[in-house]
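Below: the structure, in structure tokens.
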4 protein chains.
Amino acid sequence: MTEDQILSSVKDKELIEKRRNQMIEGAITLFKEKGFHKTTTREIAKEAGFSIGTLYEYIRTKEDVLFLVCDAIYDQVHACLEESIDHESPSLENLINVTKSYFRLIDEMQEGVIIMYQEVKSLEGEKKEYVLKKEREMVDMLEHLIITSLPHKMEQADAEILANNIFVQGQMWGFRRWMLQKQFSLEEYIDRQIHFLLQAIDIKRED
Amino acid sequence: MTEDQILSSVKDKELIEKRRNQMIEGAITLFKEKGFHKTTTREIAKEAGFSIGTLYEYIRTKEDVLFLVCDAIYDQVHACLEESIDHESPSLENLINVTKSYFRLIDEMQEGVIIMYQEVKSLEGEKKEYVLKKEREMVDMLEHLIITSLPHKMEQADAEILANNIFVQGQMWGFRRWMLQKQFSLEEYIDRQIHFLLQAIDIKRED
Amino acid sequence: MTEDQILSSVKDKELIEKRRNQMIEGAITLFKEKGFHKTTTREIAKEAGFSIGTLYEYIRTKEDVLFLVCDAIYDQVHACLEESIDHESPSLENLINVTKSYFRLIDEMQEGVIIMYQEVKSLEGEKKEYVLKKEREMVDMLEHLIITSLPHKMEQADAEILANNIFVQGQMWGFRRWMLQKQFSLEEYIDRQIHFLLQAIDIKRED
Amino acid sequence: MTEDQILSSVKDKELIEKRRNQMIEGAITLFKEKGFHKTTTREIAKEAGFSIGTLYEYIRTKEDVLFLVCDAIYDQVHACLEESIDHESPSLENLINVTKSYFRLIDEMQEGVIIMYQEVKSLEGEKKEYVLKKEREMVDMLEHLIITSLPHKMEQADAEILANNIFVQGQMWGFRRWMLQKQFSLEEYIDRQIHFLLQAIDIKRED
DNA sequence: CATGAATGAGCGTTCATTCAT
DNA sequence: CATGAATGAACGCTCATTCAT
């Protein structure tokens with residue numbers, strides 16, 4: 001599974017999960033405040049509620065913490081999408097709802113998304129690959145949803161772009177909030193983006 | 001002017017500009033490779049072609065380098081927009097061209113955009129303000145262009161969202177290229193995004 | 001207590017004291033040789049017998065070391081005075097003995113006194129205040145001793161000057177030894193200064 | 001002469017003196033504020049009114065500046081003593097006046113004395129020797145004055161101690177002012193110290 | 001003689017990581 | 001398993017000194 005990429009010198013799987021969750025929670029809090037690079041491992045350990053020595057029983061490098069955090073955040077987003085997608089009877093309605101859920105999640109998770117978004121680049125090699133693959137999968141889900149939800153055919157290429165657009169417009173609310181909130185509430189923002197989305201896919205609706 | 005916020009102990013204005021340009025160029029190269037935090041001041045100095053001591057004759061802190069870099073990148077984008085906007089007779093044609101120029105610039109500037117995009121947050125206080133203000137101004141330019149270019153009226157709020165969308169979709173090409181380039185060439189990407197844009201503003205054209 | 005003004009990231013109080021004592025001893029050796037400013041933190045750590053990293057587990061800044069040193073020296077002087085003062089039955093005899101003890105201590109502590117004397121000014125704000133207060137207290141002790149020891153009344157102002165004189169004449173032996181030792185042994189110096197002191201307070205004795 | 005120990009690449013003797021005086025004046029101002037070690041050569045040059053390059057035309061190292069400053073201060077004290085000593089008809093009166101002049105000079109020169117006093121130790125080898133020799137000479141002057149001024153004989157050893165005491169009590173006013181001024185004005189301090197001095201040399205006067 | 005841009009050794013300090021207890 | 005004291009490489013930055021102009 002996901003976290004098996006990260007070696008731990010502790011054997012007890014349950015304990016590993018418990019400790020890593022404490023770690024992730026603490027780290028997110030700190031990364032929000034000061035970013036990954038300005039957060040020290042000592043601070044992470046303290047915030048997580050154990051000692052620096054213990055921290056290193058469950059990871060091998062500071063980067064591992066970042067990986068764990070990114071992974072957790074992606075999983076949350078993924079779970080949200082998965083949950084709101086109606087696999088059995090896709091519909092335009094469902095596409096809209098999924099998009100709304102996604103935007104709202106971003107709003108809730110606040111800077112969590114920013115963290116992940118801005119720090120993934122600090123990951124190296126395999127780990128970066130792994131995380132980006134997860135992102136790719138989520139876009140694919142959206143893409144597939146778009147194709148199956150529409151009443152008419154749409155080129156896969158277009159669907160890909162639209163999926164990316166939705167994905168990025170969500171993130172945009174995350175870190176351009178400072179600019180957008182002067183004009184829009186979250187729901188207004190959502191409504192207008194969905195409106196444009198529907199226009200783009202050439203559908204007339206009475207919203 | 002822009003860079004006068006950053007103190008230098010050297011008097012000669014021309015020299016300051018020359019050295020700072022060397023600095024910016026070197027820094028961009030390095031920031032691309034490893035990000036701001038993992039780049040050391042010594043590396044920046046070396047890449048720029050002078051000693052660490054000389055570096056600090058032209059700036060006061062490492063953050064100053066980041067500011068200079070962000071500022072330079074924004075100026076480039078701003079100049080590109082300014083240059084392609086037809087202030088005298090705005091038209092849909094011009095809006096499209098501006099968008100295209102912008103997308104192409106992003107493509108040329110490569111990771112320059114990413115740097116700026118991902119590292120601005122590392123700036124502090126006034127400097128961050130200053131850079132964000134510049135970003136805001138560019139979005140405003142786009143917004144204004146949208147409003148004046150369209151044959152029909154558009155709410156300012158909608159124009160703002162569209163301006164942000166264009167801005168962000170440009171950046172998206174910058175740092176999701178790894179994903180998008182599997183399917184699209186730059187020009188294809190541009191064409192499709194512009195297509196969606198026009199649909200969104202409810203205009204039928206024969207592209 | 002005294003050293004609680006200086007933060008340590010180590011918890012174990014005993015260890016803190018042990019390490020700080022190593023530190024103080026090493027620092028005094030070095031400060032004697034080259035003064036505070038020319039001594040590096042690395043040298044202090046090495047002389048104390050541990051790494052630079054460990055040094056900073058027990059202090060926060062280089063100035064802290066100076067403070068610790070000054071504090072330790074003052075405490076030694078203070079303890080010496082306290083010990084030799086006969087609080088219950090003050091007498092001229094006792095005053096003389098205290099003075100002698102003090103002069104001898106200065107001689108033993110050698111350049112320790114000079115360090116403190118010449119480097120206190122490098123302390124800043126609160127710490128300087130704290131150390132100077134300690135000095136003030138010692139002079140006060142002498143002053144009080146003078147007043148209570150004399151068979152006749154003496155103005156407090158005079159006592160203060162005399163206390164200062166004694167204090168400074170002790171230090172004088174510390175850092176004018178290069179000049180004085182050509183003529184005097186320590187005991188000769190002491191005898192003559194005490195002789196003058198007694199003359200000054202207008203007392204005839206058969207020494 | 002005195003300053004010939006310090007090499008200059010400039011030939012013109014008058015210019016050397018002029019520049020060095022500017023230097024000394026500027027340096028004293030700065031040393032008072034922040035001490036020798038915390039003052040930079042650049043600051044000295046600026047305060048003196050010329051460039052860092054020019055500074056180094058007249059000295060070879062930063063320590064040279066300190067030497068020049070110490071030398072100048074000692075010369076001032078020396079001149080003051082010399083001026084007030086009545087070589088032709090020494091008298092107790094004159095001794096008192098010399099002492100008073102000296103104390104008042106210290107008061108005027110304020111931290112100048114402290115500088116010299118606390119930084120001489122930073123001089124190395126020959127230069128330290130040279131400056132200390134000057135100090136020794138001044139004490140000798142006082143010592144000689146004491147011997148010749150008194151109506152009765154006094155051991156040379158005693159005279160030496162008294163001379164040192166006077167010298168140091170002057171300096172004491174210089175850097176224990178923070179403590180003494182709460183109780184004494186300069187003149188009160190002088191009067192009482194002279195009173196004690198006279199007692200010490202066993203002379204009854206009607207002050 | 002005067003200038004000030006250039007240099008780089010060296011400083012104080014931090015922090016990821018280890019390992020004995 | 002948990003702890004936290006110890007380590008030292010590495011960082012950002014300073015400043016005495018030089019030398020081409």
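Reckoned from all heavy atoms, side chains included, excluding hydrogens, waters and symmetry mates. Here is the naming used below: chain letters follow the sequence lines, and residue numbers restart at 1 for every chain.
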Qualifying residues under salt bridge (charged side-chain N to carboxylate O under 4.0 Å, His left out), relative to [X], sequence neighbours excluded:
X        : result
D:Lys133 : D:Glu137
C:Glu63  : C:Lys127
D:Lys62  : none

Tell me, please, the opening and closing nucleotides of DNA chain F, 5' to 3', among those with an atom under 4.0 angstrom from a non-hydrogen atom of chain C.
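So the contact region on DNA chain F extends F:dA5 to F:dA10.
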
Quick note, ring-ring contact (aromatic ring centres under 6.0 Å, His included) partners involving residues 5-30 of chain D, not counting sequence neighbours, are none

Non-neighbouring partners of [X] that pass side-chain hydrogen bond (donor to acceptor under 3.5 Å, both in side chains), sequence neighbours left out:
X       : result
B:Glu47 : none
D:Lys38 : C:Glu124
D:Thr61 : none
B:Tyr74 : B:Glu135

Tell me the stems DNA chain E sits in, counting at least three consecutive Watson-Crick or G-U wobble pairs, each under 3.5 Å on both distances.
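Ordered by first number, the stems with DNA chain E (at least 3 consecutive pairs each) read E:2-21 with F:2-21.
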
Going by atom type alone, with no hydrogens or angles, which donor-acceptor pairs under 3.5 Å involve a side-chain atom of residues 26-36 of chain B and a protein atom two or more places apart or on another chain?
{"unit_1": "B:Thr29", "atom_1": "OG1", "unit_2": "B:Glu25", "atom_2": "O", "d": "3.0"}
{"unit_1": "B:Lys34", "atom_1": "NZ", "unit_2": "B:Glu43", "atom_2": "OE1", "d": "3.1"}
{"unit_1": "B:Lys34", "atom_1": "NZ", "unit_2": "B:Glu43", "atom_2": "OE2", "d": "2.7"}

Shortest non-hydrogen contact from D:Asp71 toward D:Tyr130:
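For D:Asp71 versus D:Tyr130, the nearest heavy atoms are OD1-CE2, 3.3 Å.
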
Contact list please: residues 38-64 of chain A against DNA chain F, heavy atoms, distance less than 4.0 Å, in numerical order.
A:Arg42, A:Phe50, A:Ser51, A:Ile52, A:Gly53, A:Thr54, A:Tyr58

